[in-house]
Structure formats: structure tokens, C-alpha cells
Amino acid sequence: MSEILPPSFYNRSPLKTARALLGMRLVREGDSGRISGRIIEAEAYQGEEDLACHARAGRTARTVVMYGPPGRAYIYFTYGMHWCLNAVTGAEGEPAAVLIRALQPMEGIDLIAARRAPQPRALWLNGPAKICQALDINGHLNACDLTTPDCGLWIEADKPVPELEIQTSARIGIQNVPEPWRSIPWRVFTSS
DNA sequence: TTTACGATCTAT
DNA sequence: TAGATCGTAAAT
């Protein structure tokens, strides 16, 4: 049994948190059973100045969770059909979060396969909305605490990805965002 | 009240 | 390369 990452893990910049989250294990436990996967891709979103961040609109009903304490889930609905999961980072009052973009399947393979059918294994968890579909994550988990097992969603310590194995790029899906935000290398991922 | 569009995914 | 599909935020 691994340890659940504590609030202090998230109480730093989203970029540092995103790097540290690579290799950690996202766990979902519910009526259907336990599903988990190793985080292999994430993106940092930081502050009202970051024009790719939802907090660019300021504190609203949607973004209020990002202004809250670190270690909570910020889950938003987009494109009329998809949910995406973030971990809130930084001190309370500072809007920042890490988008969980891809996992390597670890536990609950049968359940993942059923929910992601008929896609091949390589396409099961390689996108933020795919993760939420496979792990049954949606709006009712918004603002839940990822540092306790209470709501059935948390992140456990596992083997960190060495710095040398971390790759970076611009964030995905923000084509209409002005520079420098469009190109800033706040996406981190690993191929190992 | 209306409009435009989005931190996406899938099939074509 | 386009269609699905609707909440959010800004414009009217």
C-alpha cells in the first residue's frame, strides 16, 4: 500500500508539481472496483496572466476551485461532452493547476478495456478526457480532496521519473492563445 | 438573452 | 478534416 501524496506535495508551482507528478499513480476506487494508472503526461496552468488558463477570466463559479487550497481536484466540462481532471497547486488564493493528460494503465485493466472499447490499448488513456471516461471521473468529483481516500479519487506516491527522462513541449489544444503562452513549454511527459 | 468558442475525441 | 454537443464568459 503506497502513501497518498499530501497537500505539501502540491503546495508549489504547477510546473514543479507537474514534473513531480510524472511516475506517480492516479487511483480511482468506487463501486465497480479499483483502477489506477501511472501519470506519464501533464500540463501546467498558472495564474490570471496565463491566457491559456481558465483563470484568465478571474474568479468565477467555474474557476473558484483553482483559487482554493492545493491538492484538490479541478474538473471541468468541455466541448459539450468531455470531462478533464486537474490537480490544484500552489498556495490558497493563487489560481494554478496541473492537467493530467495521459496514464499508463496499471490496475483495473478489464474495466478500462470495457469503458474504452473498441479502442486499442495504446489509445485507452492517452488524453485527458479519455482518462475521465475510463476512470468514471466527472463533475460530481469537482473540488474533492485528492489527499485523502474519502471521495474515491487520489494520487499515490510511486517511482518518480528522473529529470533526464522528462521531455517538454508547448501545451496541447490552445491554438488560439496568444504568445508567449501558446509556445511556453509547460507540457511535460515521459516515454519511458 | 444571444453569441462564440473551447485545456477533446472519433470517424471519415 | 469535420462533426458531435453544451457550459461558460463576453457581447448585445
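The structure presented is a predicted model; accordingly, all values stated were derived computationally and were not measured. All chains are named by letter (A, B, ...) in the order of the sequence lines, taking the proteins before the strands, and each is independently numbered beginning at 1.
- When the P atom is used for both B:dA7 and C:dT1, the distance is 22 Å, rounded to whole Å.
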- Query: Along nucleotides 3-12 of chain B, 5' to 3', which nucleotides get a B, which get an S, and which get a -, given that the test is a protein heavy-atom distance under 4.0 Å?
  - Reply: ---BBBSSS-
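- In summary, contact between chain A and DNA chain C, defined as any nucleotide atom under 4.0 Å from a heavy atom of the protein, begins and ends at C:dA4 to C:dA10 in the 5' to 3' direction.
- Salt-bridge check for A:R59 with A:E48: failed, with every basic side-chain N at 4.0 Å or more from each acidic carboxylate O.
- Partners of A:Q133 by side-chain contact (heavy atoms from CB on, under 4.5 Å), not counting sequence neighbours, listed by chain and number: A:R116.
- Applying the side-chain contact (heavy atoms from CB on, under 4.5 Å) criterion to A:P69, with sequence neighbours excluded, gives A:R72, A:E92.
- Listed by chain and number, the residues in a side-chain hydrogen bond (donor to acceptor under 3.5 Å, both in side chains) with A:R182 are A:E179 (sequence neighbours excluded).
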- Dot-bracket notation for DNA chain B is requested: 5' to 3', Watson-Crick or G-U wobble pairs only, both distances under 3.5 Å, with ( ), [ ], | and . as defined. ||||||.||||.
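- Pairs of residues two or more places apart, or lying in two chains, never qualify as ring-ring contact (aromatic ring centres under 6.0 Å, His included) while including a residue from residues 157-192 of chain A.
- In this structure A:P160 satisfies the side-chain contact (heavy atoms from CB on, under 4.5 Å) test together with A:M24, sequence neighbours excluded.
- By the salt bridge (charged side-chain N to carboxylate O under 4.0 Å, His left out) test, A:E107 pairs with A:R25, A:R34, sequence neighbours left out.
- Residues satisfying the salt bridge (charged side-chain N to carboxylate O under 4.0 Å, His left out) criterion with A:E49, sequence neighbours excluded, are absent altogether.
- Partners of A:R187 by salt bridge (charged side-chain N to carboxylate O under 4.0 Å, His left out), not counting sequence neighbours, listed by chain and number: A:E41.
- For A:R56, the side-chain contact (heavy atoms from CB on, under 4.5 Å) criterion is met by A:L51, A:H54, not counting sequence neighbours.
- Distance check on atom P: B:dT2 versus C:dT5 gives 22 Å, rounded to whole Å.
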